Participant: 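Pasting in a structure now, in structure tokens, and then I'll have a few things to ask.
Computed from a predicted model, the values in this text were never measured in an experiment. Residue numbering restarts at 1 for every chain, and letters A, B, ... go by the order of the sequence lines. Both backbone and side-chain heavy atoms feed into the values below; hydrogens, waters and symmetry mates do not.
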There are 2 protein chains.
Amino acid sequence: MFFMGARGPQPSLSVAKIVAAAIEVLDAGDAVSVRAVAARLDVRPNTIYTYLPDKAALDSAVADRLLELANPDVLTGRRSWRRRVGDYAVAVRTVLLERPGAIALFHSAPMNGPAALTVGERLLDAFAHAGLPDENASRAAYAVMTYALGAVALSDADSDSEPERAARLAGIPADAFPRSARTAPVAATWNGEEQFRWGLARLLDGLVSR
Amino acid sequence: MFFMGARGPQPSLSVAKIVAAAIEVLDAGDAVSVRAVAARLDVRPNTIYTYLPDKAALDSAVADRLLELANPDVLTGRRSWRRRVGDYAVAVRTVLLERPGAIALFHSAPMNGPAALTVGERLLDAFAHAGLPDENASRAAYAVMTYALGAVALSDADSDSEPERAARLAGIPADAFPRSARTAPVAATWNGEEQFRWGLARLLDGLVSR
DNA sequence: ACCTGAACACCGTTCAAGT
DNA sequence: ACCTGAACACCGTTCAAGT
């Protein structure tokens with residue numbers, strides 16, 4: 001009583017450990033669920049709620065960790081602003097595509113964690129080096145994240161196998177959709193990294209064009 | 001037997017009716033689920049599987065219908081390619097933002113339905129009018145859809161109320177994140193239509209800049 | 001303060017059965 | 001051919017209870 005000694009049980013968990021377990025779940029190819037994360041921690045599902053208010057908070061924390069796994073350090077250094085922004089965008093795409101189910105987390109997760117803040121600050125710095133005034137740099141930073149996350153969402157959605165996609169595109173009627181039929185070989189590569197880099201380069205061109 | 005007369009029961013359902021019911025579910029503010037759609041049709045959940053192979057097929061059909069609800073006709077006519085593309089992109093954004101839960105459908109739905117095909121063909125036509133050769137027009141069309149869907153996904157994710165977002169942004173420490181703190185007022189509008197149009201205009205600038 | 005047992009209201013999906 | 005009853009393996013979340 002004098003020392004207020006009753007410290008209670010030592011907590012065996014923490015938000016960091018929960019997030020790490022969620023990343024393991026993702027790496028195993030499964031979707032992040034409260035129950036799957038709890039199982040990996042050898043704990044009952046409702047234990048998670050001692051540390052996080054709800055599933056959205058879990059998603060948010062995991063999403064922020066994924067932005068960190070993409071290595072925001074490539075946004076720093078003395079390389080050109082274009083390389084810095086481009087390399088990080090490609091890294092985010094890779095990190096998310098390697099983990100099916102990762103992009104879904106961003107649906108319920110506003111990008112407001114510490115990693116998102118760091119990424120945002122460094123994007124602003126890069127666009128300042130590109131010559132953009134504050135307001136445009138802010139809008140540009142958001143536009144880049146919009147493009148990157150949109151690309152992952154669309155790629156993830158297309159679960160068709162290579163031959164399935166080829167067959168579908170080959171089946172486009174040339175009389176009703178001549179341009180689509182003619183460009184089917186390009187559309188077959190829409191989910192590839194080359195298309196991602198092409199669109200990103202054009203976006204960056206446009207962002208600094210005034 | 002002569003007339004092969006046993007036609008069996010008249011089907012009371014169809015894929016079109018199921019999709020219409022799913023849109024009603026979305027309009028009511030609920031997420032599309034097999035069970036919610038079935039309930040609206042006064043039918044048991046497993047009945048849906050007589051018409052569609054799985055949930056992904058339902059999502060795909062509903063997603064295509066949403067692209068149609070955005071009115072692809074604005075992509076035609078003798079207005080400038082920029083207005084055509086811009087108006088449709090804004091319409092897609094509006095249609096999806098008006099229905100929380102709509103953007104989630106695009107996760108499991110490759111854009112391969114009839115409306116997606118029509119939209120694709122008309123985007124190719126618009127970019128041809130902008131002077132792009134076939135391959136670049138194809139890549140440009142996909143980049144625009146990438147940007148539009150990414151913007152909706154990010155807007156939808158940010159469920160913070162106005163004051164919550166303002167408080168969060170005001171709390172950014174100016175010493176560690178000077179640029180973010182300075183541009184917080186702009187970041188507060190990232191989910192608005194003005195930001196969407198700004199980024200889209202820059203993307204279109206970049207797409208036709210060569 | 002931390003963790004659990006039990007329960008609730010949801011999911012998508014299957015399979016055998018009825019008409 | 002179309003629809004259902006019943007069941008299975010999942011979800012997120014709550015609440016009272018145990019330590």
Participant: Return the value, rounded to whole Å, for the distance between atom NZ of A/K55 and atom P of C/dC11.
Facilitator: 15 Å
Participant: Kindly say if B/S12 contacts the phosphate of D/dC3, meaning a side-chain N or O under 4.0 Å from OP1 or OP2.
Facilitator: yes
Participant: Is it true that the side chains of B/E121 and A/S180 contain a donor and an acceptor less than 3.5 Å apart?
Facilitator: yes
Participant: Identify which nucleotide among D/dC3, C/dC3, D/dT13 has an atom closest to any side-chain atom of B/Y51, counting heavy atoms from C-beta outward.
Facilitator: D/dC3
Participant: Between B/R84 and B/T76, which heavy-atom pair has the shortest distance, and what is it?
Facilitator: CD-O, 3.7 Å
Participant: Between the main-chain N or O of B/D134 and the side-chain N or O of B/S138, is there a donor-acceptor pair closer than 3.5 Å?
Facilitator: no
Participant: What is the pairing partner of D/dA1, taking Watson-Crick or G-U wobble pairs with both distances under 3.5 Å in any strand?
Facilitator: C/dT19
Participant: Of the options A/L52, A/L105, A/V15, which is the one that meets A/L58 in a side chain to side chain contact (heavy atoms under 4.5 Å, CB included)?
Facilitator: A/L52
Participant: Would you mind reporting whether A/R99 and A/L66 have side-chain heavy atoms less than 4.5 Å apart?
Facilitator: yes
Participant: Who is the Watson-Crick or G-U wobble partner of D/dT14, with both distances under 3.5 Å?
Facilitator: C/dA6
Participant: Which residues in residues 16-32 of chain B have a heavy atom closer than 4.0 Å to any atom of DNA chain D?
Facilitator: none
Participant: Using only heavy-atom distances, determine whether the side chains of A/D73 and A/Y88 contain a donor-acceptor pair under 3.5 Å.
Facilitator: no
Participant: In whole Å, I'd like the distance from the CG atom of B/L52 to the C1' atom of D/dC3.
Facilitator: 15 Å
Participant: Using a 4.0 Å cut-off on protein heavy atoms (strictly under), produce a 5'-to-3' string for nucleotides 4-10 of chain D with B for base contact, S for backbone-only sugar-phosphate contact, and - for none.
Facilitator: BBB----
